[in-house]
Amino acid sequence: MRTIISLVILVAAACLGFMMGSGMNDAMGGAAVFAVIAGFVCTIYVIDNPRDKKNREE
């Protein structure tokens with residue numbers, strides 16, 4: 001489920017970046033920047049919040 005949510009966030013960020021970038025005459029650059037930023041955020045979230053909480057209590 002985390003993977004699907006991350007993919008949805010990446011696609012939404014890329015679409016938003018495409019729209020924002022098209023206003024600055026660099027649509028694909030804006031899409032790439034927003035998708036990369038969203039990818040980093042999703043990766044950091046997964047690292048900070050592991051699924052298996054039993055190992056953290058020990």
Side-chain angles (χ1 to χ4, degrees):
M1 190 66 172
R2 281 184 174 183
T3 305
I4 295 170
I5 293 171
S6 294
L7 287 174
V8 169
I9 291 171
L10 287 172
V11 170
C15 291
L16 180 66
F18 187 82
M19 297 299 169
M20 297 285 289
S22 65
M24 295 180 278
N25 294 327
D26 191 17
M28 291 307 291
V33 167
F34 275 56
V36 167
I37 291 170
F40 284 144
V41 170
C42 289
T43 302
I44 291 170
Y45 175 78
V46 169
I47 291 171
D48 284 343
N49 299 311
R51 283 188 182 183
D52 189 14
K53 295 185 179 183
K54 293 178 184 176
N55 292 336
R56 295 177 78 185
E57 293 174 0
E58 294 178 0

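- Nearest approach of F34 to G17, heavy atoms of both residues: CG-CA, 3.6 Å.
- When V46, D48, I47 are each tested for a side-chain contact (heavy atoms from CB on, under 4.5 Å) with I44, only one passes: D48.
- Side-chain contact between Y45 and N49 is present, with at least one heavy-atom pair separated by less than 4.5 Å.
- Atoms CG and SG, from L10 and C42 in turn, are 5.0 Å apart once rounded to the nearest 0.5 Å.
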